[in-house]
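One structure is given here, and the rest of the page talks about it.
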2 protein chains.
Amino acid sequence: MPGKRDKADDDSRHATRRAVPSRFGMDEVLWAAWLYYEEGQKQDKIADQLGISRASVFNLLQKARDEGIVNISIDPSRIARADVALELCELSGLSECYVLPTPQDPATLANEISHLGARVLEARLHADDTIGVAWGRTVLSLSKHLTSMRHPNITVAQITGSAVATFDFSPVLCTTNIADRLSARCVNLHAPGVVSTAQVKDILLNEPEIRNHFTLLQQCTKTIFGVTQLDGETLLEQSGFMSDAALQVYRDLGAVGFAAGYFFDAEGQIVRSEFDERHITMALDDLLNVPERICIGGAPQKVGAIYGMLQARIANVLVTDETTAQSLIDHYKQRT
Amino acid sequence: MPGKRDKADDDSRHATRRAVPSRFGMDEVLWAAWLYYEEGQKQDKIADQLGISRASVFNLLQKARDEGIVNISIDPSRIARADVALELCELSGLSECYVLPTPQDPATLANEISHLGARVLEARLHADDTIGVAWGRTVLSLSKHLTSMRHPNITVAQITGSAVATFDFSPVLCTTNIADRLSARCVNLHAPGVVSTAQVKDILLNEPEIRNHFTLLQQCTKTIFGVTQLDGETLLEQSGFMSDAALQVYRDLGAVGFAAGYFFDAEGQIVRSEFDERHITMALDDLLNVPERICIGGAPQKVGAIYGMLQARIANVLVTDETTAQSLIDHYKQRT
DNA sequence: AGATAGTTATGGCATATGTCAATAACATTA
DNA sequence: TAATGTTATTGACATATGCCATAACTATCT
């Protein structure tokens, strides 16, 4: 019974405290983490050594994991190397492809893909990177799975104007979230995502501040974006980003998907319409010049869109799940 | 009962196997590791998904850990930052210091320090490093704690001639072991560690092959070595590396320790005798020019020797245990 | 001082993990 | 094809871990 703790008890406690009086500055968290993860000691034993209860040791270890003092990570290169990924790379011309085991519960798929996306970004990230960030549920979700890390001189920049519509995965939010986790410089694009006429777009693009932003975007070493299919309900209209009518124009022109600011058809041809003239986003040529163009996304209904995107070369790195990857492989094989 | 497995059973098994038929090339190990470590699923659940027993999942995870597919590591910078380490750095002028919690069982101390040493080396290692390796129990033990890793263009070189005596921690063994684990180029020094006269040493040092080796050593970016005290039995004489008489000469001259090929006294003065003229090892000037000189060692009886070594600036990075670190701090404070 | 609220540490229990000997699956040889 | 050795898989048990309600402690206020 815990209530029994009295002076006698306390004395006996002191006897076991010999090794590590807490006056030592050395972090108990660190201490426990070392003994547990490096030396493989049992929590009981560590509790003895530190003169605390096993439960406390558990708490210390928890803290160590939370604070990133211990890092448990899966070598991402192995995930890329997995057979399905490899086959898809060969068929599609992707330079890299990360494939997640498809979860049993489809509802968690999007979440888990963005989780893997976060790991992939972390693994590929290095000093002096400039990351162009798009917007969308997937990208926002990715930002939440990033563990705080610190590389010198990282820049995170918006590739699309800040949409004004009311939705919780705005370009600004995606960008700031990611920058925050990476302790990076955050460069927002202070312009609307869509304007009313081509003329307004021209005027804006000639504004010095916005011009500078697009110049910065040309320095991008990476971009991150999701991908949407156009059949059925999409968040493009739901979010108020564009009108149903504008979207229908693209559908009528044969577009099947949208990624990183551009529409494309089932064979990877970029589809343009009047809307492009009003959409403030990174120029296509600049986008295609970015060395690492990372697309995060997967779902059965997205397969057609992803295929088109891959053919359009919008992405050269893909993070997806196994079912989607397999469908894509099948898709490619059919065409041969 | 396992014997009961028959066709009926097999069929039911197939039913649960839907998700991951083993025909998929994707590594089950990787798959299990992802589900367990990234998604935090329980082994039971993973077993279901993969259609294998929980015990097998456990085995897969074990394999994943063994093969380094999952990495569990403690941020080494935190260990360096711990208070005792920091204080010792300031007092001694070390550029870095890694301090291990002193284990309860003194018999395991040497082993655990070399374990930490291995982690430290791994953490500091990067592409294009050239590592000068000394010999000794500690260094050999360190080599065994290295986990296989692969950086491009690492070179591992012996800093001392290959001793001919019979002991199991010879320079050659230390070097090859480390090179092997790091998948590095291994450059051995094809000469005895000690020769009979100064003249023989001169002749050897003028041999082109050996000359080249010493030129290579000047390119070292790191050295790794242990440290020995001279009072009591030492492995210097036990190993047949040098005679009792030769060692006594150094003791008489005031030497208290030996590290990285050189003797020094309690205040950090290098102590030389005739033996140095016959000892084939990296030149002292070259040694002191190496940017990272990592000494691995700790024990109550080594404190005096380590103090001398620190004063002699033979090391600028120290890996030790807390008791030793604390004793060193006390030692420094006494002198003020 | 005594009461109060907020924080940290603990005991004990439900669950998850690790171990191992037994057995199945497979490969090899006679 | 049977016998034999080798490796992988498993069920069952012993142990370690994760969790949470509550005790102990601390700081603050009356």
Side-chain angles (χ1 to χ4, degrees), chain A residues 1-17 19-67 69-70 72 74, chain B residues 1-17 19-67 69-70 72 74:
Chain A
M1 195 180 303
K4 272 198 176 172
R5 168 128 307 137
D6 58 5
K7 278 169 200 166
D9 241 55
D10 242 7
D11 285 353
S12 74
R13 171 70 64 74
H14 264 295
T16 66
R17 246 190 207 170
V20 189
S22 54
R23 65 189 125 85
F24 265 133
M26 190 176 201
D27 200 348
E28 279 191 316
V29 178
L30 191 57
W31 196 287
W34 174 271
L35 296 172
Y36 189 75
Y37 286 108
E38 287 290 341
E39 295 191 14
Q41 294 196 20
K42 301 305 171 191
Q43 294 183 359
D44 287 331
K45 205 172 168 190
I46 299 172
D48 282 356
Q49 281 177 66
L50 269 64
I52 55 181
S53 72
R54 198 190 57 72
S56 297
V57 173
F58 172 77
N59 291 331
L60 293 176
L61 293 175
Q62 182 107 325
K63 207 169 171 187
R65 285 183 295 256
D66 290 349
E67 295 181 2
I69 292 169
V70 295
I72 303 183
I74 296 183
Chain B
M1 192 182 305
K4 273 200 175 171
R5 169 128 307 134
D6 57 4
K7 278 168 200 166
D9 241 61
D10 244 6
D11 284 352
S12 76
R13 170 72 64 72
H14 264 294
T16 66
R17 246 190 206 173
V20 190
S22 56
R23 65 190 129 86
F24 265 132
M26 191 175 203
D27 201 349
E28 279 191 317
V29 179
L30 189 58
W31 196 287
W34 174 271
L35 296 172
Y36 189 76
Y37 286 107
E38 287 291 340
E39 294 191 15
Q41 294 196 19
K42 303 305 173 190
Q43 294 183 1
D44 288 332
K45 206 172 165 190
I46 299 172
D48 281 355
Q49 282 177 65
L50 270 64
I52 54 180
S53 73
R54 197 192 57 71
S56 296
V57 173
F58 173 78
N59 290 332
L60 293 177
L61 293 174
Q62 181 104 324
K63 205 168 172 188
R65 286 183 294 256
D66 290 348
E67 296 180 1
I69 292 169
V70 295
I72 303 185
I74 297 183

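All values below were derived from every heavy atom in this structure, side-chain atoms included, with hydrogens, water molecules and symmetry-related copies excluded. Here is the naming used below: chain letters follow the sequence lines, and residue numbers restart at 1 for every chain.
- Under 4.0 angstrom from either OP1 or OP2 of D:dT9 there lies no side-chain N or O belonging to B:Ser53.
- Take B:Gln62 and apply the side-chain hydrogen bond (donor to acceptor under 3.5 Å, both in side chains) test, not counting sequence neighbours, and it matches B:Arg65.
- Partners of A:Lys63 by side-chain contact (heavy atoms from CB on, under 4.5 Å), not counting sequence neighbours, listed by chain and number: A:Val29, A:Glu67.
- Taking atom CG on B:Asp48 and atom C1' on C:dA16, their separation rounds to 14 Å, with Å as the unit.
- For the ring-ring contact (aromatic ring centres under 6.0 Å, His included) condition, no pair includes a residue of residues 36-58 of chain A, sequence neighbours left out.
- Residues passing the side-chain contact (heavy atoms from CB on, under 4.5 Å) test with A:Lys45 are A:Gln41, A:Gln49, B:Gln104, sequence neighbours excluded.
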Review item, nucleotides 17-20 of chain C N/O atoms under 3.5 Å of protein N/O:
unit_1	atom_1	unit_2	atom_2	d
C:dT17	OP1	B:Tyr36	OH	2.8
C:dT17	OP2	B:Gln43	N	3.1
C:dG18	OP2	B:Gln43	NE2	3.3
C:dG18	N7	B:Arg54	NH2	3.3
C:dG18	O6	B:Arg54	NH2	2.7

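- A:Gln43 is linked by a side-chain hydrogen bond (donor to acceptor under 3.5 Å, both in side chains) to A:Arg54, counting only residues two or more places apart in sequence or in another chain.
- Distance, A:Lys63 NZ to C:dT7 P: 13 Å, rounded to whole Å.
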